[in-house]
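Some notes on the structure that comes next.
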Amino acid sequence: MSESNTYDDNEIVNSSTNMHMDELIAVRLSRRQALKGGVSVTAAALLGGLSLSACGGGSDDASGLQLGFTAVAKNKNDLVTVPEGYQVSILHALGDPLQFGDESWKDNGSETAESYNRRVGDGHDGMYFFGLADDGKFDAKRSDRGLLAVNHEYVVGPYALHPAGMTAGAARVASEVEKEIYAHGVSVAEVKRSTGNDMAMVRGSRFNRRVTSATEMAFTGPVKGSALVKTKFSVDGSKTRGTNNNCANGYTPWGTYLTCEENWLNVVARAAGDNAQRSAKEIAGLNRYGLPEGRKSPYLWDTAGTDDLFARWTSSVTGADATQDYRNTANTFGWVVEIDPFNPSSTPAKRSALGRFNHEGAWPAPAVAGQPIVVYQGDDARNEYIYKFVSKALWDPKDVNGGMAAGAKYLDEGTLYVAKFNADGSGQWLELTFGKNGLDGSNAAYAFADQADVVTHARLAADKLGATKMDRPEWGAVNPLNGEAYMTLTNNSNRVASTATPTGSQLKPDAANPRVYADTYTNADGTTRTNSGNPNGHIIRWREANGNGGATRFAWDIYLFAAQSDAAANVNLSGLTAVNDFSSPDGLYFDERGLLWIQTDDGAYTDVTNCMMLAAVPGRVGDGGKATAAGGTETIKGTNATPDTVRRFLVGPRECEITGVAVTPDGKTLFFNVQHPGEDGKLTALTSHWPASQTNPAAPQRPRSATVVVTRKDGGPIGL
Ligand code: FEO
Ligand code: CA
Ligand code: CA
């Protein structure tokens, strides 16, 4: 989702945090115990990496990884620029047919709405490569053939999918909205190596599938059957239709895809005067999720007609009770949805135990037999939280290829936590369970009724527990070499100086979100503007206190501070230089080798460069030390970046966001997505012609979101 889209940023006010000195002591104690042999080698590795390597320098614990490409220079070309010796091809772009029988993209918006049930959607975002065995099952080691699941986050405004862009007016045109509903969601496409390690889509494959904003799906976990999700469509609250605004993603060790619903406020409205029909509690819940009465949705889907396909997009009271209207539409979005890509006829499931918020993504820690499945999650809005889900069931590798039944086993029962970061480098996972920690009917801000209420209103539960308000949590990733978790905090214009008096949703800095400064941006017409708060973002990371997952304490530091290389030293705290400076980290992914990929969705450094992707060989929590950030707040940072540990791998075309990355198990094919190229233009004045411009600089075509395949000309491993 574009940084210039204001609905990426709905902001919330909530309560403040406390520091617990005992937590740091507990983390340190458990580490010392581990090193004395009191716990397993795995736990010792998680706590310090000392069992793997005694070196605390730039390269990671025993990874031995060395970046092996020439850094790409920042640029504003209408091209994907990759290092010397690398090549790119386009796998698929908006509107490409997944099946035979539909015509190829015509570049004039003439494709029918209905055909988008079989075409690649818009706004490519998170994705995952699943190896596909000859018997049609998941094979985590297979590199030459796979299923690529891709999120289609949203319809890019200026062009949309229509002949002349979106038709303006107070009410939308039904055929346009219908097309947009089918252009959201997820695509699954079979991909196969063609020439060398390059990949092509297998058109017509039996696995090719679309899941859209109209696809029927089940509710599972605590919310199944709850009054909170009963609708005219599902009077017993067991199912719903559609997943949309699917931003980042996750995957499971049993071979399914997790897709996450972020900016669903783009398409969900609420009528003026609706408060009069609601209880005070309902109003508190709706307001906390950014849906006050009278709020129109930017895409106005609810205005396209009285047909159920459209009317359901306003979360308003219109009938006698919840089974006769769509007052609960808002409660049906913000979830993690599980899709089995290997079974195209399977029904996707909204796994409610993982909570509801602006759900950026759901990133699993590596599964360990006999231990719970652990999933890290972020709520991408200013001042929102980082969450963790820990399954009740313990991982049994026999469940690989278990499909939706395995999903029910591991994702429908477990414990949801929210993170609190203390100034001393310790942290705590706070449990979001009904009946614990004051999460019950006595809670003043919102009286919780049951666990369905807690997961549906996870933000309100997290407020009660005093979780730490972050600078917009975007993607997470877990280092497969040492189990440490990373999360991008993309930026936050709401941070104000520690000496200021915050108003509204403004926040003072804290150790985990420490920087406050101003950045000057030069507009296209030569005028300038000032971005303030934390305009460039940072990447935080943590190490669980007692090994895989179930821990409630952790140690953290800030792995990287994004910055322009010419910024002041207390802004450019990680010492970035021309080969690795960047702004607004968003996408994040560890490949199986332990190489970290960092992607940007930026609006602060785009006067100098298009968005980009960097490759990194990270160290570990605690490899740096204390620092004082711009604005005077003390923090704990990782060791400085060097050209050997962080390097720019590619730069995207104009006005795009680089998002979504997957690498085959052999490390030889990399996929990434270009979202919304040319988003600042209009049909009569295009500012990008990508992807056509990749091969023909004079191409006249409309810009389209697309998946790109990167390979090395010599067939070698990517990035090394
Ligand atoms: Fe879809 Fe938070 O970016
Ligand atoms: Ca994102
Ligand atoms: Ca973003």
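Whatever order the structure lists ligands and atoms in, that order sets their numbers, starting from 1.
Within E474, the N, O or S atom lying nearest to atom 2 (Fe) of ligand 1 carries the name OE1.
Seen from atom 2 (Fe) of ligand 1, atom OE2 of E262 and atom OD2 of D380 lie 80° apart in angle, a value rounded to 10°. Here the angle centred on atom 1 (Fe) of ligand 1, running from OE2 of E153 over to SG of C247, is 100°, rounded to 10°.
Contact check on D96 versus R119 returns no salt bridge, with no Lys/Arg side-chain nitrogen under 4.0 Å from an Asp/Glu carboxylate oxygen.
For Q694, the side-chain hydrogen bond (donor to acceptor under 3.5 Å, both in side chains) criterion is met by W690, not counting sequence neighbours.
Taking backbone and side-chain atoms together, E360 has no N/O/S atom less than 2.8 Å away from atom 1 (Fe) of ligand 1.
Here the two rings, on Y289 and F357, have centers that are 6.0 Å apart or farther. Ring centroids of Y486 and F590 are separated by less than 6.0 Å, placing the two rings close together.
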